[in-house]
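Small disclaimer: the values here were computed from a predicted structure and weren't measured.
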Amino acid sequence: MSDGVWRIAVKNKMSAFATLLICLMALGARETVHNARPVANEDNIAVFFSPDGGCAEAIIAELNAAKKSIHMQAYFFSSPKIAKAVAEAHLRKVEVSVIVDKSVETANYSSADYLANAGVPTFVDKEHAIAHNKIILIDGQIIITGSFNFTASADTDNAENLLILNNKPKIYAAYEKNFQDHLKHSKKHVAKADK
């Protein structure tokens, strides 16, 4: 339990049982994010499938563990949970950059708008018919990719796949170069007003 929750519990003179219950709920919520189990795991590669296969939870766990950098390319990005984890990493002083497809410019309000309004460097790749990448690069070590769009429906309704590769330096370098190449021709996203 965080110090803030503990202080509130003490300040409000909650019973020992209520305080214990809050502690267990906080630990349970944290465990939910980390309980995503791959269908298969071999040679530092984990495989997830959706619907309801823990794809979003696995992504959020990796984003929450980021220490240095997050480089993200997203075709369509509307998952509030994933966007929140990216914004929280930015607040932790993790270096974050996000590239999205130009379709966000015609959407009502997207996670790209949310991130840009939160101060996260967010860019639009208009150089291609569709910027269809779905990639997250973390700390020079973790690669997250697959068909999985960063949306709620991809997690709960669609048939998707997600790969998390760890400690594959040559593959990471290729993905990082690809990210930097796309970043060079992408333009800063002008966010719509915060909702």
Side-chain angles (χ1 to χ4, degrees), residues 33 36 46 48-51 53-66 68-91 94-165 171-172 174-192 194-195:
V33 170
F48 297 83
F49 297 106
S50 65
C55 293
E57 289 83 4
I59 291 168
I60 291 165
E62 295 295 343
L63 292 169
N64 288 343
K68 296 182 238 169
S69 64
I70 296 170
H71 295 161
M72 181 176 191
Q73 289 177 280
Y75 167 60
F76 196 72
F77 184 21
S78 63
S79 168
K81 295 187 294 186
I82 294 173
K84 182 176 182 265
V86 172
E88 287 173 350
H90 175 70
L91 288 174
V94 173
E95 181 266 309
V96 179
S97 293
V98 177
I99 302 171
V100 295
D101 179 67
K102 63 182 175 270
S103 61
V104 301
E105 295 182 333
T106 56
N108 286 335
Y109 187 85
S110 69
S111 291
D113 295 313
Y114 169 80
L115 292 176
N117 285 325
V120 175
T122 307
F123 303 89
V124 178
D125 185 347
K126 296 182 184 182
E127 202 68 18
H128 312 281
I130 298 174
H132 206 239
N133 285 308
K134 298 126 182 159
I135 301 162
I136 304 174
L137 306 172
I138 301 174
D139 291 346
Q141 181 145 351
I142 304 290
I143 303 163
I144 301 173
T145 191
S147 71
F148 188 84
N149 281 308
F150 307 122
T151 66
S153 60
D155 201 38
T156 59
D157 301 329
N158 300 350
E160 306 277 2
N161 71 83
L162 183 80
L163 292 172
I164 300 179
L165 297 83
I171 297 171
Y172 191 97
Y175 272 102
E176 182 63 34
K177 181 183 182 317
N178 178 268
F179 177 85
Q180 295 300 329
D181 288 346
H182 286 280
L183 186 59
K184 284 176 192 165
H185 62 245
S186 296
K187 306 295 182 208
K188 190 168 176 71
H189 177 54
V190 179
K192 295 168 193 72
D194 215 348
K195 283 191 169 187

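At least one side-chain heavy atom of Asn133 sits under 4.5 Å from a side-chain heavy atom of His182. Side-chain contact between Pro121 and Glu95 is absent, with no heavy-atom pair separated by less than 4.5 Å. A heavy-atom distance below 4.5 Å is found between the side chains of Ile59 and Phe150. At a threshold of 4.5 Å between non-hydrogen side-chain atoms, the residues Asp157 and Pro51 do not count as touching. Using a 4.5 Å cut-off on side-chain heavy atoms (C-beta onward), His71 and Glu176 make contact.
The distance from atom CD1 of Ile136 to atom CD1 of Ile144, rounded to the nearest 0.5 Å, is 4.5 Å. Rounding to the nearest 0.5 Å places CZ of Phe123 at 5.5 Å from NZ of Lys188. Put simply, NZ on Lys102 and CD1 on Ile130 are 7.5 Å apart, with the number rounded to the nearest 0.5 Å. Within the model, atoms CD1 of Ile138 and CD of Glu62 stand 5.5 Å from one another, a figure rounded to the nearest 0.5 Å. Taking CG of Asp155 as the start and CD1 of Ile82 as the end, the distance is 7.0 Å to the nearest 0.5 Å. With rounding to the nearest 0.5 angstrom, the CE atom of Met72 is 8.5 Å from the CD1 atom of Ile70.
Classified by interplanar angle (parallel below 30°, tilted 30° to 60°, perpendicular above 60°), the ring pair His128/His185 is perpendicular.
The backbone N or O of Lys134 sits less than 3.5 Å from a side-chain atom of Thr145, completing a donor-acceptor pair. Using a distance-only test at 3.5 Å, with no hydrogens or angles considered, no donor-acceptor pair links the side chain of Asp125 to the main chain of Ser186. Remark: side-chain polar atoms of Thr122 are paired, donor with acceptor, to backbone N or O of Val120 under 3.5 angstrom. At distances below 3.5 Å, at least one donor-acceptor pair connects side-chain atoms of Ser147 with backbone N or O atoms of Asn161. For Ser50 (side chain) and Asn158 (main-chain N/O), a donor-acceptor pair under 3.5 Å exists by modelled atom type.
Residue pairs that meet the salt bridge (charged side-chain N to carboxylate O under 4.0 Å, His left out) test with at least one member in residues 77-87, sequence neighbours left out, are Lys84-Glu88.
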Checking side-chain contact (heavy atoms from CB on, under 4.5 Å) for the pair Asn178/Gln73: CA distance, chi angles, key distance, verdict? CA-CA 10 Å; Asn178 178 268; Gln73 289 177 280; 3.4 Å; yes
